[in-house]
Amino acid sequence: MKRYYQLLLTLGLLGLGASSGIAQNKPKPLTEEDFYEIKTVAIPDGIRLEAGGLAPMPDGRLGVCTRRGEVWIIENPYQTNGTKPSYKLFASGLHESLGLAYRDGSFYCTQRGELTKLTDTDGDDKADLYENVANWDLSGNYHEYSYGPVFDKNGDMYLTFNVAWVGYGEGKLAKWRGWLVKVTKDGKLEPVATGLRSPAGFTVNSNGDVLFGENQGDWVGSGRVTHLEKGDFAGNAGGLYWTKEPNSPLKLTKEDLPDTGEPMYEAAKKVKALKLPAVWFPHAIMGISTADMIEDETNGKFGPFQGQYIVFDQGQSKAMRMSLEKVNGKYQGACYPFREGFQSGTVRARWGNDGSIFVGMTSRGWGSTGKDLYGLQRLVWNGRLPFEMKTISAQPDGFEIEFTQPVDAKTAADAANYELKSFTYKYHHNYGSPIINQEKTPLKGIIVSADRKKVRLVIDNLRKGYIHEVRPSGILNEEGQPLLHEVGYYTLNNIPDGEAAQLTESQKVKASTAPAPSTSTPAKKTAPINGTKKVADAGLIDSKQVATLLKKHACTSCHAEATRVVGPPFTEVAKRNYTNEQILELVYHPKPENWPDYATEMASMTHVPKADVLKIAAWINALGKKKAQADLNKLENHD
């Protein structure tokens, strides 16, 4: 008998037993860091590198400007062979510099009220010539941040200006606040477009088009990226005060805006100048404070996403991905999760000379999930190909997903592996918006391409102006690996022309295998607890179940169990002694005044099912309560 047990133990250790053999054949789930590594650039003690701008130099050095009004030159920022970088102070005495560019031997730095050219004339790596290229008005309001410059191919520069904040966006306190402006070679400011609230990140892409990222706030239901052309109005009313100026490219006034809470798509039918976002970034789900964005023009040095955009979020200290296409001549597209885990609030990003991304970070006063007040890191692809949705593109009758690797045909053809719905936000003067008008989009057919790298989804209920969630959560690749990220959000402003797909019988989705109902469907009431009733049905769930819910509904983007992040820790919420129903009400209708020490307001989360919120609430209220934990353990043992 003893030898028999020894044999079983040996087989188990070697992975030869029946059960362990199954486990061995199942691939280990991969994570973001298996493909993209975050490398921290060392910062010497005594330097508070609250990065506001980055400017890689042709010789491999890196310029960094800070919110403290300094410009540093970093030698060896790539830390070659593990060697430390060195820092040299290039310029100082600037006023909250939040943008930096390098061109023809000089730095161009955007301060609060001035675009300054900084030049080292004697070769000692210190600026001895500070030149005023352009300047603009300030009122002194704390929220009047200025960003840029970004050069276009003609050598002109673009700047973006925050509106002031006095409980709402206010542009009239200082001229051109809430605007995108061009700075010509002779230093003149040329207003281009308005409706900007907090445009911390923008870029001029390879087509010469300006794209800017916006933050949730008044008139802004959620974060978004918009293509700006001359005369556009991006939605925030603060900058409309200056449309009366003779050189304004549009004459729209605040009184022309429909402040009804209808979707922005409907408002744009009434206001010709109102420019719809190319891509919405659902608030708290994909980000809470959209920051910088950069287009991948590395020719494969950064992975399989050439021509797409890496978009950063300051509040959630992470990078997202965005793919764009033009439908009926207008940009639209999708956003996807990409890489979390940066050390501080990701504000500024620039390509390094090796195809990696330098990420400059700061959190002072703004709050972020990253624990540090500032930092500098690099995002580096290790050459391994992730299994991802590469693109989602619009079709006349649905969407087509292109994958980075061939899919397993059986899982790709299974309708149960897809969850599809659409929703939007209110357009109104209020701060932010809950998700509204959420509906499911039933799946009618699935067409897997011959090379198994594309899947076309034929769906019902395509809605213009809505964000369509595409979640192929059960699809595997040839090795049996699931997708690294299982969701994308496509902003459907226009439906392309073309013929609908001709489905064969095998491609049609049978009613019995249709996707599960939308998560907005009210949960059914459970029967009374009996001897075999599960813990979850009792409203008491274990940490693994809660963790799944917290991740699914993006709660962990702003909260942690015991540490302060963007919002309060759950242990602090537990101390308030709210009932489960009170927590439900506060999730659906947050009250920022209850947490005055937190600068970022919580979004209304009415799209989260009531049953899930109540389970999370029960877990929160059980935190730190020994009796509740004992009751939970007793109930689990009983089962």
Are any side-chain N or O atoms of [X] and backbone N or O atoms of [Y], one a donor and one an acceptor, separated by less than 3.5 Å?
X	Y	answer
Lys464	Tyr265	no
Thr404	Glu388	yes
Trp351	Ile294	no
Asp313	Ile288	yes
Thr369	Gln316	yes
Tyr425	Met264	no
Asp408	Asn477	no
Thr194	Gly178	yes
Arg321	Lys390	yes
Tyr241	Thr253	no

When you look at Thr203 and Glu295, which way does the side chain to side chain donor-acceptor pair (under 3.5 Å) test go after all the steps? CA-CA 8 Å; Thr203 190; Glu295 183 182 7; over 6 Å; no
Looking only at heavy atoms, which two atoms of Gly213 and Val225 are closest? And how far apart?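 Taking Gly213 first and Val225 second, the nearest heavy atoms are CA-CG2, 4.2 Å.
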Heavy-atom closest contact (Val470 atom, Pro472 atom, distance):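 Looks like O-CD, 3.5 Å.
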Would you check, one step at a time, whether the test side chain to side chain donor-acceptor pair (under 3.5 Å) holds for Asn382 with Glu37? CA-CA 7 Å; Asn382 65 12; Glu37 183 180 354; over 6 Å; no
Go through Lys330 and Asn494 one step at a time and tell me if the side-chain contact (heavy atoms from CB on, under 4.5 Å) criterion holds. CA-CA 8 Å; Lys330 301 292 184 181; Asn494 290 288; 4.1 Å; yes
Atom pair [atom1]/[atom2] of [X] and [Y] - distance to nearest 0.5 Å:
X	Y	atom1	atom2	value
Ile401	Ile475	CD1	CD1	6.0 Å
Leu228	Leu211	CG	CG	8.0 Å
Ser473	Glu486	OG	CD	5.5 Å
Leu180	Thr226	CG	OG1	11.5 Å
Ile459	Lys444	CD1	NZ	10.0 Å
Ser422	Glu469	OG	CD	10.0 Å

Mark yes when over 12 heavy atoms from residues, nucleotides or ligands other than Lys410 sit less than 6.0 Å from its NZ; otherwise mark no.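 No - once you tally the heavy atoms of other residues, nucleotides and ligands closer than 6.0 Å, there are 12 at most.
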Is it true that atom CZ of Phe151 has more than 12 heavy atoms of other residues, nucleotides or ligands lying nearer than 6.0 Å?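 Count over threshold, so yes.
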Enumerate the residue pairs fulfilling ring-ring contact (aromatic ring centres under 6.0 Å, His included) with a member in residues 449-501, sequence neighbours excluded, ordered by first and then second residue.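 Residue pairs passing ring-ring contact (aromatic ring centres under 6.0 Å, His included), neighbours aside: Phe399-His468, Phe399-Tyr490.
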May I ask you to decide if the ring planes of Tyr147 and Tyr145 are parallel, tilted or perpendicular, using 30° and 60° as cut-offs?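 Aromatic pair Tyr147/Tyr145 classed tilted.
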Check the orientation of Phe338 and Phe305. Use parallel for under 30°, tilted for 30 to 60°, and perpendicular for over 60°.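 Perpendicular: the ring planes of Phe338 and Phe305 meet at over 60°.
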Pick out which of Thr346, Val347, Thr290 makes a side chain to side chain contact (heavy atoms under 4.5 Å, CB included) with Phe312.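 Among the candidates, only Thr346 passes.
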Check whether Tyr331 forms a cation-pi arrangement with Lys326 (NZ or CZ under 6.0 Å from the six-membered ring centre, at most 45° off the ring normal).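 That pair qualifies as a cation-pi contact.
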Quick one, Tyr427 with Val220, criterion side-chain contact (heavy atoms from CB on, under 4.5 Å). Give me CA distance, side-chain angles, the key distance, then yes/no. CA-CA 7 Å; Tyr427 179 63; Val220 185; over 6 Å; no
Using the ring-ring contact (aromatic ring centres under 6.0 Å, His included) definition, which of the options Tyr36, Trp381, Tyr309 pairs with Phe302?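 Answer to the ring-ring contact (aromatic ring centres under 6.0 Å, His included) test with Phe302 among Tyr36, Trp381, Tyr309: Tyr36.
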With side-chain contact (heavy atoms from CB on, under 4.5 Å) as the test, would you mind laying out the steps for Val163 and Tyr168 before giving the verdict? CA-CA 9 Å; Val163 289; Tyr168 53 88; over 6 Å; no
What's the verdict on side chain to side chain donor-acceptor pair (under 3.5 Å) for Thr391 and Ser393, showing C-alpha distance, side-chain angles and the deciding distance? CA-CA 6 Å; Thr391 61; Ser393 58; 5.2 Å; no
Quick one: do [X] and [Y] make a salt bridge, cutoff under 4.0 Å?
X	Y	answer
Lys230	Glu190	yes
Lys270	Glu262	yes
Lys301	Asp354	no
Glu419	Lys440	no

Report yes or no: do Ser146 and Arg177 form a side-chain donor-acceptor pair below 3.5 Å?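 Yes, Arg177 and Ser146 have a side-chain donor paired with an acceptor closer than 3.5 Å.
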Side chains of Asp414 and Thr411 only: does a donor on one sit below 3.5 Å from an acceptor on the other?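 Not at all, the side chains of Asp414 and Thr411 share no donor-acceptor pair under 3.5 Å.
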Assess the residue pair Arg456 and Asp397 against the criterion (salt bridge (Lys or Arg N to Asp or Glu O under 4.0 Å)); give the C-alpha distance rounded to whole Å, side-chain angles, the decisive distance to 0.1 Å, and a yes or no. CA-CA 9 Å; Arg456 182 165 174 175; Asp397 51 3; 2.9 Å; yes
Would you list the pairs meeting salt bridge (Lys or Arg N to Asp or Glu O under 4.0 Å) in which at least one residue belongs to residues 271-293, sequence neighbours left out?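 Passing the test, one end in residues 271-293: Glu229-Lys275, Asp232-Lys275, Asp292-Arg348, Asp292-Arg350.
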I need the full list of salt bridge (Lys or Arg N to Asp or Glu O under 4.0 Å) pairs touching residues 247-259, with sequence neighbours left out, sorted by first then second residue.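 Every candidate salt bridge (Lys or Arg N to Asp or Glu O under 4.0 Å) pair involving residues 247-259 fails, so no pair, neighbours aside, qualifies.
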Criterion side-chain contact (heavy atoms from CB on, under 4.5 Å) on Ser248 and Trp179, from CA distance to verdict: CA-CA 10 Å; Ser248 170; Trp179 284 73; 3.5 Å; yes
Minimum side-chain heavy-atom gap Gln306-Asp296 below 4.5 Å: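 The answer is yes; the side chains approach within 4.5 Å.
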